[in-house]
Amino acid sequence: MPSEIKGYAGKLLRVDLTEGTLEDWPWDEQAYRSYLGGTGAGAKILYDEVPPDADWSDPVNRVVIASGPLGGTSVGGTGTISLVTKGALTGGATSVQANGLFGAYMRFSGYDGVVIQGASDEWKYLILKDGAAELRDASEIMGLDTYEVSNALKEIHGVRGRGAAVLSIGPAGESLVRWAGVFVDKGHSASHNGPGAVLGSKKLKAIIAFPGDRKVDVHDPDALNEAAKAIYEDVNYFRGTIGGVETGQKSGLGTLPVKNYTTNLWDASDEKVDAYGEKYLRDTYQVGREPCWGCRLLHCAWMEVKEGPYAGIVEEPEYEQLAAWGPAIGVDDVEASIMLSGLTDKLGLENNEAGWLTGWLMECFEKGWITEEQSGGFKIAWGDVWAVVELLEMISKREGFGDLLAEGIKRVSEK
Ligand code: SF4
């Protein structure tokens, strides 16, 4: 059904995973105007449909993934989604956003949003294409990390690169890690408060959306293009936050989190600090760009560590990732920080909680507050990169000590 007002597809998709049904849900002008954007729609639906005392893993919980009136237009960066649910970490209402292409492609597929409810017996993935939707068996993609799911679904559906957008959970979401995130187009993360665990509880592994005719009907395309141009000119200085560790250190203001925030004095050499700078990172590692929908800013590039123990290719890490996997855990090798940033996203873990938990564990082991007896033989010290890899993998599969840590730092520290 065409939308009554420009800028909207005019319907949401209701996915009932208990029943295995898909239903178009038309929204009228009043609803769109009253509950603006993806977060507005999600908040309204959550408020109306999820009882206050419902647990996050109760099938009655909803995951609303929605765009807004600018989604997929000429305004740069409007591939954003807002995801609204009752989160697994706090049990409270939460809204998280991720950029990329998915929000735009969902709208091109004919939906302003998707409302996911119920819980399936078997793992599924959802297809959004040309105004229609389909649920399919996900057994082929189970256990894959978020980068692998994206590759696998594109291969299954015969597209490459930007020919489809994929939203998924990694092994952490499958294992119901309370701080598992939802990841879009490799590395865009909508992750705070455990939305990946909520999708995991419903047994929905991924959604793939196709771009169709790449059109969204707007009221005045010329005026919107002018506004988009002005917005771009206003922000075209932006280069992401990738260089924040270097600038934080060199500012002399003591803004860096060092060794689980026990100090703000980082003793890395000048050469090591320089390697965390934006120019060095782009000159040394950037191998291609992967901008979000319509975005012309120099941000969201592919970073490749070409050789050595940390070799691999990851989506551009942000400041919070490089700080978490650098000074906060006693690492001063930027290539290790890049690798750990990518690994966290691939496993489907939320980066902030991962960094805090790791730094906290390192401090606990240093001070003897946690023993190997308690951890089942696992131990970790400041700067031990391979122990971090082992830790993240253990958590994402809820193996051994990782099962407890999957509950999140607050619950673990209370034990
Ligand atoms: S590429 Fe970066 S700046 Fe552009 S929309 Fe995406 S996240 Fe925002």
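Computation of the quantities below employed the complete heavy-atom set of this structure, encompassing side-chain atoms and omitting hydrogens, waters and symmetry-equivalent molecules. Order of appearance sets the numbers: ligands from 1, and atoms from 1 within every ligand.
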| task | Could you tell me which N, O or S atom of His299 is nearest to atom 2 (Fe) of ligand 1? | result |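 Nearest N/O/S atom: ND1.
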
| remark: Among Gly77, Gly76, Gly79, the residue with a heavy atom nearest to atom 5 (S) of ligand 1 is Gly77

| said: I want to confirm something. Looking only at heavy atoms, which of Cys295, Ala98, Pro291, Gly187 is nearest to atom 4 (Fe) of ligand 1? | reply: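 Shortest heavy-atom distance from atom 4 (Fe) of ligand 1: Cys295.
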
| query | How close does the nearest protein non-hydrogen atom get to atom 1 (S) of ligand 1, and which residue and atom is it? | reply |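 Of the protein heavy atoms, Cys300 SG, 3.5 Å lies nearest.
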
| request: Give the residue, atom name and distance (to 0.1 Å) of the protein heavy atom nearest atom 8 (Fe) of ligand 1. | output: Asn99 ND2, 4.0 Å

| query | Going by atom types alone, do Glu335 and Tyr285 pair a side-chain donor with an acceptor below 3.5 Å? | reply | yes

| field | Side-chain H-bond candidate by donor/acceptor type, Thr39 with Ser82, under 3.5 Å | value |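 Yes.
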
| task | Please test Tyr32 against Asp112 for side chain to side chain donor-acceptor pair (under 3.5 Å), starting from the C-alpha separation and ending with a verdict. | result | CA-CA 10 Å; Tyr32 281 122; Asp112 293 315; 2.4 Å; yes

| field | Ser341 (side chain) donor-acceptor with Pro317 (main chain) under 3.5 angstrom | value |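 Absent.
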
| said: Using a 4.0 Å cut-off to any heavy atom of Leu297, which atoms of ligand 1 qualify? | reply: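 What qualifies from ligand 1 is 3 (S).
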
| message | Checking contacts here: is it the side chain or the backbone of Cys292 that comes within 4.0 Å of ligand 1, counting heavy atoms only? Could be both or neither. | response | both

| field | Validation row, ring centre Trp266 to ring centre Tyr276 under 6.0 Å | value | yes

| Is the Trp25 ring parallel, tilted or perpendicular to the Trp27 ring (thresholds 30°, 60°)? | perpendicular

